[in-house]
2 protein chains.
Amino acid sequence: MVAEGAGTTRAQIVDAANRLFYVKGFEHTSFAAIAETVGISRGNFYHHFKSKDEILGAVIEARLQSTRAMLAEWDRDEPGPAERVRRFVEIVIANGADIQDFGCPVGTLTNELAKLGHPARPQAVAVFDLFRTWLRAQFEELGLAVEADDLAMHVLAFSQGAATLSNAFHDGEFVRREVDRLHAWLDERLAHGRPIAGSAH
Amino acid sequence: MVAEGAGTTRAQIVDAANRLFYVKGFEHTSFAAIAETVGISRGNFYHHFKSKDEILGAVIEARLQSTRAMLAEWDRDEPGPAERVRRFVEIVIANGADIQDFGCPVGTLTNELAKLGHPARPQAVAVFDLFRTWLRAQFEELGLAVEADDLAMHVLAFSQGAATLSNAFHDGEFVRREVDRLHAWLDERLAHGRPIAGSAH
DNA sequence: GTCTATATCGGGATAGAC
DNA sequence: GTCTATCCCGATATAGAC
């Protein structure tokens, strides 16, 4: 596979489809809509992709890439695992506007593909796995090895619950409260995980 | 509006559509699929409904009705508000198989209609409101008036997070752990809400 | 109230000129 | 590599016989 510039037609198609699949859903997104966004004709698609499913595959691949890049950035920028987990938790605030309008891109695509019985569903779940594995690694680094995966899944579940209700009720304050609640839960968890000598909990 | 028996063609259409909208999604469900399930011809639809959107409206109405009935049943069967909330929490276990395969019917429909820009979205959200209001009432009865709505939303968020990840990972043990975690959280909350004289927390 | 036949439209996909 | 023109199909929806 050859690296490609962001300006290539293929990359533009993937970018536009990525956004549209999120905003309107995979099935509801037509070639016409993608073509209009990119500014090309419908026929031109098939020079770059054999089918709509192939575009979906490229979109998921792009999401995997950008997710890996984001997690690597967090690894670099944040001083420790606790800060990294909190950075993840805050994502539902940082992307608050989109989440209110369209939900979580990972959760909603995964569910749509499940209902469609689409063969690309496992690929979509792999994005979840990226977060899960990364979160687990943070908890392991925090000395919570035995329960690390359980804690990772709990944090993921928080993000999905917050996203779904944010989308349903369009309530930003609710999201803030849930985020704060999870931060407090983390405080509690990390206090137990790293017992300080003389702490009187 | 006249009451109708469960055996009428109209009721059969609503039943079949209700299930199919859940299993395959609203947009992906064709009249042909509903017709095949019910055992009627496609043309016969339009004697009972003017459009697919009208079927959707009837399906949501049916869900509102059945939800109200379920909550009323819980009100009757469970001895107190704490038990009622726990009954709700256990729903992700009771409906575990369907949730693994298709997610939460309320959350997934709400999100799909949001992405479609469908005018029936507020109606779908009304199902969420039913649960929210009912949960809030339970917490109020437990003497947690000021935070009742916040707690209700947290319990709802739990259910959505558990459902989304159950669907993504097909992991029943994860759901069980999340349910147990929420039960423990409730224990904590209710202990604080109803301080027992001499309790040594 | 249910059926068959059909209209109409938009979707994905193909052929071939430039 | 991009375009126009077109095919094909499945979808909603309608018309009208029974």
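Proteins get letters first, then strands, A, B, ... in listed order; numbering begins at 1 in each.
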Over how many whole Å does the gap from [X] atom [atom1] to [N] atom [atom2] extend?
{"X": "B:R42", "N": "D:dG16", "atom1": "CZ", "atom2": "P", "result": "19 Å"}
{"X": "B:I40", "N": "C:dC3", "atom1": "CD1", "atom2": "P", "result": "7 Å"}
{"X": "B:F26", "N": "D:dT12", "atom1": "CZ", "atom2": "P", "result": "9 Å"}
{"X": "A:Q12", "N": "D:dG1", "atom1": "CD", "atom2": "C1'", "result": "13 Å"}
{"X": "A:E27", "N": "D:dT12", "atom1": "CD", "atom2": "C1'", "result": "14 Å"}
{"X": "B:K52", "N": "C:dT8", "atom1": "NZ", "atom2": "P", "result": "22 Å"}
{"X": "B:F49", "N": "C:dT2", "atom1": "CZ", "atom2": "C1'", "result": "15 Å"}
{"X": "B:I34", "N": "C:dT2", "atom1": "CD1", "atom2": "P", "result": "16 Å"}

Nearest to the side chain of [X], which nucleotide is it out of [options]?
{"X": "A:F31", "options": "C:dG12, D:dC3, C:dC3", "value": "C:dG12"}
{"X": "A:S51", "options": "D:dT4, D:dT12, C:dA13", "value": "C:dA13"}
{"X": "B:S30", "options": "C:dG12, D:dA11, D:dA13", "value": "D:dA11"}

Does a side-chain N or O of [X] approach OP1 or OP2 of [N] to a distance below 4.0 Å, or not?
{"X": "A:N44", "N": "D:dC3", "result": "yes"}
{"X": "A:Y46", "N": "C:dA13", "result": "yes"}
{"X": "B:T9", "N": "C:dT2", "result": "yes"}
{"X": "B:H48", "N": "C:dT2", "result": "yes"}
{"X": "A:H47", "N": "D:dT2", "result": "no"}

*Indicate yes or no: does B:R68 engage B:E73 in a salt bridge with an N to O separation below 4.0 Å.*
no

*Could you tell me whether A:E178 and A:R181 make a salt bridge, using a distance below 4.0 angstrom between a side-chain N and a carboxylate O?*
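Result for this pair is yes, salt bridge flagged.
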
*Pick base, sugar-phosphate or nothing for A:T8, based on heavy-atom distances below 4.0 Å to the nucleic acid.*
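Contact class for A:T8: none.
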
*Using the ring of B:F169 (Phe, Tyr or Trp, six-membered ring only), decide whether A:R132 places NZ or CZ under 6.0 Å from its centre and within 45 degrees of its axis.*
yes

_For B:F139, does the six-membered ring have the charged nitrogen or CZ of B:R189 within the cation-pi criterion, i.e. under 6.0 angstrom from the centroid and within 45° of the normal?_
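Ring-cation test returns no.
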
*With a 3.5 Å cut-off and no angle check, do the side chains of B:E90 and B:H183 form a donor-acceptor pair?*
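Yes, because at least one side-chain N or O of B:E90 sits under 3.5 Å from a partner of the opposite role on B:H183.
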
